[in-house]
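Since the structure comes first, as structure tokens, the remarks are kept for the end.
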Amino acid sequence: MEHITIRKNKTRDTATLESLGMLAYRIFPDTECINIQLLSGAQEECTIPFKNGEVFILRGVELCLDIID
């Protein structure tokens with residue numbers, strides 16, 4: 001399982017994961033969700049609950065959401 005670390009005070013940002021490449025995310029505070037979009041290769045996205053420890057799968061890779069201040 002790979003971890004993706006997100007700062008809760010940045011509503012939009014990008015990150016790079018070794019196994020998936022670059023991704024962008026956007027936090028929706030009003031619905032308490034986060035949308036994550038892969039930017040490398042064929043684009044893929046998912047919207048998940050914005051909570052620490054949330055586990056989800058993108059392109060067959062299991063990811064865990066780590067939220068920091």
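Just so it is clear, the structure is predicted and the values come from calculations on it, not from any experiment. Just the heavy atoms: all of them, side chains too, but no hydrogens, waters or symmetry mates, feed the values below.
Residues passing the side chain to side chain contact (heavy atoms under 4.5 Å, CB included) test with Gln37 are Asn35, Leu39, Gln43, Glu45, sequence neighbours excluded. Residues meeting the salt bridge (Lys or Arg N to Asp or Glu O under 4.0 Å) test with Asp66, sequence neighbours left out: none. Listed by chain and residue number, Leu20, Leu38, Ser40, Glu44 satisfy the side chain to side chain contact (heavy atoms under 4.5 Å, CB included) test with Arg59 (two or more places apart in sequence, or in another chain).
Here the CD1 atom belonging to Ile67 is positioned 13.0 Å from the CZ atom belonging to Arg7, to the nearest 0.5 angstrom. Leu63 contributes atom CG, which lies 11.5 Å from atom CD of Glu54 (distance to the nearest 0.5 angstrom). Put simply, CG on Asn52 and SG on Cys64 are 7.0 Å apart, with the number rounded to the nearest 0.5 Å.
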Quick one: do Ile6 and Ile34 satisfy side chain to side chain contact (heavy atoms under 4.5 Å, CB included)? Show the steps, please. CA-CA 10 Å; Ile6 292 181; Ile34 182 171; 3.2 Å; yes

Kindly indicate, with the supporting measurements, whether the criterion side chain to side chain contact (heavy atoms under 4.5 Å, CB included) is fulfilled by Val61 and Leu17. CA-CA 11 Å; Val61 177; Leu17 298 176; over 6 Å; no

Evaluation steps, salt bridge (charged side-chain N to carboxylate O under 4.0 Å, His left out), between Asp69 and Lys8: CA-CA 6 Å; Asp69 287 328; Lys8 67 180 177 182; 3.0 Å; yes

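Residues Ile36 and Phe56 are in side-chain contact: their nearest non-hydrogen atoms beyond the backbone lie under 4.5 Å apart. No side-chain heavy atom of Phe50 sits less than 4.5 Å from a side-chain heavy atom of Ile48.
Taking a 4.5 Å side-chain heavy-atom cut-off between Ile, Leu, Val, Met, Phe, Trp and Tyr, the cluster of Ile57 contains only that residue. Grouped with Val55 in one hydrophobic cluster are Met1, the linkage being side-chain heavy-atom contacts under 4.5 Å among Ile, Leu, Val, Met, Phe, Trp and Tyr residues.
Pairs passing the side-chain hydrogen bond (donor to acceptor under 3.5 Å, both in side chains) check and including a residue from residues 14-30, sequence neighbours excluded, read Glu2-Ser19.
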